[in-house]
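Notes follow once the structure below has been shown.
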Protein chains: 2
Amino acid sequence: MGVTEATPFRANVFDPNCPGRGVMEHVASRWGVLVLGVLLDGTLRFGEVRQAVGGVSEKMLAQTLQALERDGLVHREVRPVIPPHVDYSLTDLGRPIAEGVRGLYRLIEESTPSVLVAQATFDERRAAR
Amino acid sequence: MGVTEATPFRANVFDPNCPGRGVMEHVASRWGVLVLGVLLDGTLRFGEVRQAVGGVSEKMLAQTLQALERDGLVHREVRPVIPPHVDYSLTDLGRPIAEGVRGLYRLIEESTPSVLVAQATFDERRAAR
DNA sequence: CGGTATCCGTCACGATACTG
DNA sequence: CAGTATCGTGACGGATACCG
């Protein structure tokens with residue numbers, strides 16, 4: 001088997017027609033990463049999620065939550081009262097992924113100062129041409 | 001200060017007007033995650049990256065690589081020969097982030113079977129209405 | 001070979017209004 | 001309160017052509 005056995009990394013995600021790619025695009029979407037990150041804090045209602053994630057519209061939030069629910073990463077619980085009350089939380093499947101996302105946050109925020117310097121340098125060089 | 005001191009997580013990424021958010025959107029973009037993942041294997045030429053990432057157009061690849069280069073996550077080295085030869089690799093700043101992305105791949109691929117079941121169940125319930 | 005420029009379609013997204 | 005429906009815009013993204 002040699003190399004085949006270990007398959008060092010080379011995920012199938014790189015294949016356009018692979019189910020994992022779709023999940024990746026839900027998770028790593030503009031709002032997906034933020035929703036998962038927010039839900040890591042615990043169960044939240046629709047409006048609370050909306051408030052916690054800055055700048056998301058109702059429509060996009062509903063859409064994002066549905067995609068994540070369909071993938072089994074987020075649990076949706078409706079309480080039949082008036083006015084309606086809907087709770088969102090991470091599933092056991094979704095939690096590790098959300099934690100991975102949180103790890104990315106951490107790294108990116110730590111890197112932010114360096115990134116800003118890099119951007120400034122880059123833009124400067126461009127202007128100098 | 002109690003809770004305030006630790007600031008459990010609650011990254012500034014959730015603020016729409018924050019530099020980290022922009023970086024996050026580059027990294028967690030459709031092609032950004034894939035490019036970073038591919039470069040983790042080592043230095044690659046433009047064409048090699050294009051081949052490794054399934055389904056990306058030249059335009060989007062160039063655009064993605066530029067954004068990551070501007071953020072200081074990817075290093076671009078031009079060798080002035082004919083025909084042109086351009087190498088791309090991760091910077092010290094970019095590598096940890098790329099590794100975080102790889103971690104997400106792993107998690108998502110492990111989850112894929114469960115996700116497919118969840119999707120089937122979800123779609124079934126919808127149809128049953 | 002590794003881009004950049006241009007054109008153009010599509011769909012992601014936001015704003016608004018409405019329902020249960 | 002938590003959505004769904006509809007519509008309009010603009011950015012994203014692909015195809016093509018051309019330059020260094």
Side-chain angles (χ1 to χ4, degrees), chain A residues 14 16-17 21-35 38-39 43-70 74-89 122-123 125-127 129, chain B residues 14 16-17 21-35 38-39 43-70 74-89 122-123 125-127 129:
Chain A
F14 297 100
N17 306 58
R21 180 104 160 216
V23 180
M24 193 60 179
E25 293 190 358
H26 293 160
V27 171
S29 69
R30 185 171 178 202
W31 303 116
V33 281
L34 297 172
V35 167
V38 156
L39 287 181
T43 299
L44 291 177
R45 298 182 56 178
F46 184 88
E48 292 172 333
V49 177
R50 179 153 158 60
Q51 191 182 0
V53 176
V56 66
S57 68
E58 276 191 15
K59 179 187 171 184
M60 290 316 297
L61 181 57
Q63 213 167 291
T64 303
L65 283 169
Q66 268 190 29
L68 294 176
E69 184 198 357
R70 190 176 104 96
V74 162
H75 176 66
R76 177 175 182 270
E77 180 120 25
V78 184
R79 258 189 287 160
V81 293
I82 293 178
H85 187 115
V86 183
D87 287 323
Y88 290 93
S89 57
F122 185 92
D123 294 344
R125 298 226 164 147
R126 293 227 95 180
R129 294 188 317 153
Chain B
F14 297 100
N17 306 58
R21 179 104 159 216
V23 180
M24 192 60 182
E25 293 189 357
H26 292 159
V27 171
S29 70
R30 183 170 178 202
W31 303 117
V33 281
L34 297 172
V35 167
V38 156
L39 286 182
T43 298
L44 291 177
R45 299 182 56 178
F46 185 87
E48 293 172 332
V49 177
R50 178 152 158 61
Q51 191 182 359
V53 176
V56 66
S57 69
E58 276 192 14
K59 179 188 173 183
M60 290 317 297
L61 181 57
Q63 212 166 292
T64 303
L65 283 168
Q66 264 191 31
L68 295 175
E69 185 199 359
R70 190 176 105 96
V74 162
H75 176 65
R76 176 174 182 270
E77 180 120 24
V78 184
R79 260 190 283 162
V81 294
I82 293 178
H85 188 115
V86 183
D87 287 323
Y88 290 93
S89 57
F122 184 92
D123 294 345
R125 297 223 165 150
R126 294 227 94 180
R129 294 187 317 153

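Below, chain A is the first sequence line, B the second, and so on; all start at residue 1.
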Next on the checklist: Base, sugar-phosphate or nothing for E58(A)? Non-hydrogen atoms, less than 4.0 Å.
Outcome noted: base

Item to check | Contact under 4.0 Å: Q66(B) side-chain N or O vs dT4(C) OP1/OP2 | outcome: yes

Checklist entry - OP1 or OP2 of dA2(D) less than 4.0 angstrom from a side-chain nitrogen or oxygen of R45(A), does that happen here? => result yes

Item to check | Shortest non-hydrogen contact between T43(B) and E48(B), atoms and distance | outcome: O-OE1, 4.5 Å

Item to check | Which atom of L68(A) lies closest to which atom of G32(A), heavy atoms considered | outcome: CD1-O, 4.5 Å

Checklist outcome for this item: H26(B) atom NE2 is separated from dA11(D) atom C1', nearest whole Å, by 14 Å

Next on the checklist: Among V56(A), L39(A), L34(A), which residue satisfies the side chain to side chain contact (heavy atoms under 4.5 Å, CB included) criterion with V49(A)?
Outcome noted: L39(A)

Item to check | E25(B) side, atom CD; R30(A) side, atom CZ - distance, nearest 0.5 Å | outcome: 5.0 Å

Checklist entry - Which nucleotide sits closest to the side chain of W31(A): dG14(C), dG13(D), dG2(C)? => result dG14(C)

Item to check | Length of the line joining M60(B):CE and dA12(C):C1', which is rounded to integer Å | outcome: 13 Å

Item to check | Sidechain-backbone polar pair: R79(A) side chain, V86(A) backbone, donor-acceptor under 3.5 Å | outcome: no

Checklist entry - 5'-most contact on DNA chain C: P83(A) or H85(B), nearest heavy atom basis? => result H85(B)

Next on the checklist: Between P on dA17(C) and NZ on K59(A), what's the gap in Å once rounded to a whole number?
Outcome noted: 16 Å

Item to check | R79(A) CZ to dG3(D) C1', straight-line distance once rounded to whole Å | outcome: 17 Å

Checklist entry - Between V56(A) and P84(A), who's closer to the 5' end of DNA chain C by nearest nucleotide? => result V56(A)

Next on the checklist: Tell me the interatomic distance from D87(A), atom CG, to dC1(D), atom C1', rounded to whole angstroms.
Outcome noted: 12 Å

Next on the checklist: Rounded to whole Å, please give me the gap between CZ in R76(A) and C1' in dG3(D).
Outcome noted: 8 Å

Item to check | the helix from dC1(C)-dG20(D) to dG20(C)-dC1(D): angle between end helix axes, five pairs per end, rounded to 10 degrees | outcome: 50°

Next on the checklist: What contact category does E48(A) fall into here, base, sugar-phosphate, or nothing, at under 4.0 angstrom with non-hydrogen atoms?
Outcome noted: nothing

Next on the checklist: Please tell me if Y88(B) has a side-chain N or O lying less than 4.0 Å from either OP1 or OP2 of dG3(C).
Outcome noted: yes

Checklist outcome for this item: Here the distance between atom C1' of dG3(C) and atom CZ of R50(B), to the nearest Å, is 12 Å

Checklist outcome for this item: Correct closest heavy-atom pair for R21(A) and G54(B) would be NH2-O, 2.9 Å

Checklist entry - Atom CZ of R30(B) and atom P of dC13(C): how far apart are they, to the nearest Å? => result 12 Å

Item to check | Residue pairs involving residues 60-70 of chain B (criterion side chain to side chain donor-acceptor pair (under 3.5 Å); sequence neighbours excluded) | outcome: D123(A)-R70(B)

